[in-house]
Protein chains: 2
Amino acid sequence: MSNVTGRKFATIEDVARHAGVSRAAVSKVIRGAYGVSDTMRERVNSSIAELNYRPRVAARAMRGSSFTLGIEIPEFGNPFFIRILKGATEAIAGTDYQLIIAPADAGIETDAVEGYRALEALADRQVDGIVAVSPLVQADWLARLAERTPVVMLGRHDDASNYDRVVGDDAVGAALVMDHLFSLGHERIAHVTRSEAVTFGNSTPHAIRLGVYERMMRAAGHGSHVEVVRTGPTERHSFEATRALLQTPNRPTAIFAAHDELALGALRAVGALGLTAAEVSVIGYDDIDLADHPAISLTTVDQAGVEMGRQAVRLLIEQIAGRSEPVEYVSTPTLKVRGSTAPVRRRSLLRRR
Amino acid sequence: MSNVTGRKFATIEDVARHAGVSRAAVSKVIRGAYGVSDTMRERVNSSIAELNYRPRVAARAMRGSSFTLGIEIPEFGNPFFIRILKGATEAIAGTDYQLIIAPADAGIETDAVEGYRALEALADRQVDGIVAVSPLVQADWLARLAERTPVVMLGRHDDASNYDRVVGDDAVGAALVMDHLFSLGHERIAHVTRSEAVTFGNSTPHAIRLGVYERMMRAAGHGSHVEVVRTGPTERHSFEATRALLQTPNRPTAIFAAHDELALGALRAVGALGLTAAEVSVIGYDDIDLADHPAISLTTVDQAGVEMGRQAVRLLIEQIAGRSEPVEYVSTPTLKVRGSTAPVRRRSLLRRR
DNA sequence: CTGAAAGCGCTTACAG
DNA sequence: CTGAAAGCGCTTACAG
């Protein structure tokens with residue numbers, strides 16, 4: 001292979017000739033493999049430096065590994081996924097691995113098609129392992145993928161026989177939300193969440209949060225106030241949906257948003273209608289960076305996204321190193337109480353004034 | 001190559017045998033190359049489907065292209081880079097390309113080392129082209145990289161003989177900021193920006209914004225009020241630095257933050273000290289998603305990050321398709337006036353009250 | 001339009 | 001400890 005100016009790039013062959021050894025020897029030095037004398041290692045290394053040699057990853061991938069890990073995320077729009085990327089990047093720093101990111105952005109109506117496409121693109125590139133956030137792809141499809149590539153799934157609560165899982169404890173987190181709201185006296189609580197596709201079944205994070213919401217509402221005797229609002233993935237979508245909700249008679253006194261992006265939209269709607277936390281409390285999920293900004297001050301559930309990303313890569317590298325028994329890492333969420341939630345102001349009290 | 005269960009993955013050889021044609025023929029069909037009869041194409045395609053064949057990218061990369069584009073960004077923490085990623089992702093959707101993202105996170109003190117490392121990791125993987133945000137790597141080093149790989153640089157105002165550039169017009173943007181502040185009556189304006197390394201020379205975006213700030217301050221006769229505050233890349237860093245600044249006697253009446261993340265930190269400091277926009281105006285740069293949230297309402301400069309990311313990939317694909325003359329795409333910024341800036345309240349007026 | 005053969009740059013047994 | 005040889009799965013001239 002030659003570049004535009006006709007200069008050739010050094011190959012393993014060039015290094016071998018320059019150092020007066022075999023290609024196999026150079027290969028061993030590169031890989032740090034066992035069985036090379038110090039003299040040879042030095043000679044080879046100085047030839048590598050002199051020729052400015054860098055092994056072609058594609059050629060190595062043909063026989064060995066690609067030194068590339070794939071990570072699939074649904075979209076860049078949600079800050080929570082960015083935190084996962086951040087953690088993954090941190091965990092990978094200092095290793096020989098590089099991250100290849102495959103976004104599976106399906107737009108408003110999330111379906112699994114883009115997830116499959118992204119995962120296959122990763123597999124086509126023979127990545128050494130895959131971290132994925134694909135709540136909608138079929139478990140058996142994943143199992144097949146995991147047969148040939150180490151896989152770590154994020155946020156899947158299903159059973160997995162051959163891939164690792166990193167999950168937040170969504171049941172606990174949602175319960176924290178509801179208990180907090182109940183303790184403030186709220187009864188009329190709405191849940192703003194994503195489309196049915198995303199809450200289908202009982203193993204996606206949003207399905208679990210929704211389930212806990214409904215069950216705890218009923219258990220507390222507020223079953224008649226259950227109100228589930230479906231919306232798209234962005235702050236903007238949530239804003240529109242929440243504004244409509246808040247303009248209905250008997251509007252809720254509190255909104256449990258399925259994630260912080262949606263909570264921001266709810267906050268925007270509350271503000272746009274001239275309301276405050278005293279009238280409509282908003283609580284989110286994820287604890288994105290901005291949640292503790294004084295201008296936002298969003299009560300939310302911290303599920304430690306950066307740490308989840310870090311753990312996912314750690315588990316993946318463990319698998320690559322040989323572990324075959326699947327492992328699960330559960331992140332225990334904590335509640336962050338801030339200014340966006342307040343004690344309910346009962347209508348009856350208002351009337352009495 | 002066989003997977004864990006011993007099942008073999010189909011190779012081009014298998015497809016050729018199954019379809020009763022040569023490997024070359026299959027290759028042509030895959031690539032959509034000229035010179036295959038319809039009958040053969042159909043036969044091959046049905047064999048591909050039946051065998052569930054997917055070409056190995058690594059093998060293709062050995063001779064042809066890797067169908068992978070690299071994008072290097074300094075960090076995931078800055079929402080502006082996320083918007084660029086978003087645009088790049090959009091532009092790539094529907095093509096056969098996949099994006100490989102190399103973060104060059106150097107922590108607080110940005111230096112070029114991580115940029116080189118990230119770019120080399122991309123080159124090692126023989127990506128078909130590279131989009132990069134590397135203000136600090138040497139121009140001649142980039143030129144050498146661009147000799148062998150199509151390159152599009154984001155936010156570099158230097159001359160480029162063999163790579164494309166996508167830039168915002170930072171001189172115009174910074175002038176919009178200063179004019180806006182002057183029109184509100186501000187004279188004591190501070191500039192919160194990154195470390196000297198990032199504003200070194202006169203070709204990085206931050207260097208240009210800083211230069212315009214200083215020149216316009218002097219031209220307006222406020223040279224004695226020039227105050228440049230250096231800080232790290234995050235909102236948190238900016239918060240600390242700005243808080244210190246606002247606690248000095250003769251604090252500024254307005255703060256020009258070099259980007260929105262820093263502006264958010266400044267806003268936090270303003271709020272933490274119990275001040276409002278009437279006392280200290282804050283203006284940012286980038287128009288991140290959150291800037292128009294009513295709780296934030298940040299006056300800022302929109303430099304259309306998503307579009308820049310989109311254009312970068314478009315130019316890259318043009319280069320891959322054969323264009324050799326370098327092209328520059330300039331994004332013209334616009335001012336978004338919101339609630340974080342207000343007319344100056346002169347101390348003299350205060351005294352008179 | 002179709003195919004046989006060479007070759008891309010590595011790694012992997014295997015033999016010495 | 002060291003090296004010769006085969007092979008990974010494709011694409012690319014080239015010949016027919």
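Each chain gets a letter, A, B and so on, in the order the sequences are listed, and its residues count up from 1.
Less than 4.0 Å separates DNA chain D from at least one heavy atom of each of the following residues of residues 19-32 of chain B: B:Arg23, B:Ala24, B:Ser27, B:Arg31.
Aromatic ring orientation, B:Tyr97 versus B:Phe67: tilted (interplanar angle from 30° to 60°).
In this entry the distance linking CG of A:Asp14 with P of C:dC8 reads 11 Å, nearest Å. One atom, CZ of A:Arg56, and another, P of C:dG9, lie 6 Å apart when rounded to the nearest Å. Residue B:Arg43 contributes atom CZ, which lies 11 Å from atom C1' of C:dT2 at whole-angstrom precision. A straight line from CD1 of A:Ile12 to C1' of C:dT12 spans 12 Å, rounded to a whole angstrom. Here the P atom of nucleotide D:dC10 and the CD atom of A:Gln126 are 9 Å apart, to the nearest Å.
Checked for salt-bridge contact, B:Glu114 and B:Arg117 meet the test: a charged N lies under 4.0 Å from a carboxylate O. Classification of B:Glu147 and B:Arg144 as a salt-bridged pair fails, no side-chain N sitting under 4.0 Å from a carboxylate O. Looking at B:Glu318 and B:Arg314, a side-chain N of the basic residue comes within less than 4.0 Å of a carboxylate O on the acidic one, giving a salt bridge.
Interface remark: the A:Arg63 side chain does form a donor-acceptor pair with the D:dG7 base, using a distance-only criterion of under 3.5 Å.
When the side-chain nitrogen and oxygen atoms of B:Ser37 are compared with OP1 and OP2 of C:dT2, one or more of them lie within a distance under 4.0 Å.
With C:dG9, D:dT2, C:dG3 as the choices, the nucleotide that has an atom nearest any side-chain atom of B:Met40 turns out to be C:dG3.
Distance check: B:Ile82 CD1 to B:Ile73 CD1 gives 5.5 Å after rounding to the nearest 0.5 Å.
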